[in-house]
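One structure below.
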Amino acid sequence: MTFKRKLGAASVLAAAWYSGSAWAITQIGDVSVDTADHVIYIDGTDLILSGYTPYVQLAGVPLTINTGLSNRTHIQATIPEGLTLSFGVGYQLYVSPDRSPTTPSNGYGAPTDQAYFSVYVGAGATGSTGATGATGVTGATGPTGSTGATGATGVTGATGPTGTTGATGSTGATGATGITGATGSSGSPGPAGASGATGATGVTGATGPTGPTGPTGPTGATGSAG
């Protein structure tokens, strides 16, 4: 399979392979298609012969040959506006120096005076990106849309692992002393305790000194006679 690109803007590549008879005199070598200018370029052998009217047909549609830009090994023909070539689609190209596919040979020597070519049109190189246009005027803000329905509550996620214990905080300041509470009521008396054991008798003290003789008492009354 061969590829060829003609000089000029908007050129598009056409890939194809020769499918004529191995002994053909008229042969097609390369084909290029310019879809922008609707021109097909054909290179080969014995495409145009002196004294004969050449014939080119693409996808069953006869093409107009630009004889001023064509010669024995090169043909430039115009593709009709109505013939649209789609990328990736195959089209049959027919070339003869003296007849159409349905016209008997004029004597140049059938079948050596005709050749067929399968043409596939591919996309050309992407052109450079044009300059960015100026920013348009900002349109007016549209009205606020209605609030959408609240979505269903999602499933509660699994509890995450317990985090590490944080550092102990510093001791807070001592609070102020509270007010003294009221005195509670006296409790009831407890039961009397048991009597203690009798203590041992103490040692007899020493005899004290004899005191002075007391005064004589008065004489008693005389008794009665017997």
Evaluate Arg72 against Leu49 for side chain to side chain contact (heavy atoms under 4.5 Å, CB included), listing each step before the verdict. CA-CA 6 Å; Arg72 184 166 184 160; Leu49 297 176; 3.6 Å; yes
Just checking, is any N or O donor in the side chain of Gln57 or Tyr55 under 3.5 Å from an acceptor N or O on the other one?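 Indeed, the side chains of Gln57 and Tyr55 share at least one donor-acceptor pair under 3.5 Å.
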Side chains of Asn71 and Thr73, donor plus acceptor under 3.5 Å: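 Checked: Asn71/Thr73 side chains pair up, N/O donor to acceptor below 3.5 Å.
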Taking every non-hydrogen atom, the tightest pair across [X] and [Y]:
X: Tyr52; Y: Pro54; answer: O-CD, 3.4 Å
X: Tyr120; Y: Gly88; answer: CD2-O, 4.0 Å
X: Leu58; Y: Leu83; answer: O-CD2, 3.7 Å

Given Pro97, which of Asp46, Thr26, Ile25 fulfils the side-chain contact (heavy atoms from CB on, under 4.5 Å) condition?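 Result: among Asp46, Thr26, Ile25, Thr26 is the only option passing the side-chain contact (heavy atoms from CB on, under 4.5 Å) with Pro97.
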Same cluster or not: Leu47 versus Leu69, using hydrophobic residues (I, L, V, M, F, W, Y) connected whenever any side-chain heavy atoms lie under 4.5 Å apart?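 Different clusters.
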Where do Val119 and Leu85 land on the side chain to side chain contact (heavy atoms under 4.5 Å, CB included) test, with the steps shown first? CA-CA 10 Å; Val119 178; Leu85 302 180; over 6 Å; no
Steps toward side chain to side chain contact (heavy atoms under 4.5 Å, CB included) verdict (Asp30, Tyr41): CA-CA 8 Å; Asp30 289 330; Tyr41 305 91; over 6 Å; no
Do Ile40 and Leu93 come close enough that some side-chain heavy atom pair is under 4.5 Å?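 With C-beta onward as the side chain, the pair touches.
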Are any non-hydrogen side-chain atoms of Val39 and Asn66 less than 4.5 angstrom apart?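 A side-chain contact is absent here, since even the closest heavy-atom pair is not under 4.5 Å.
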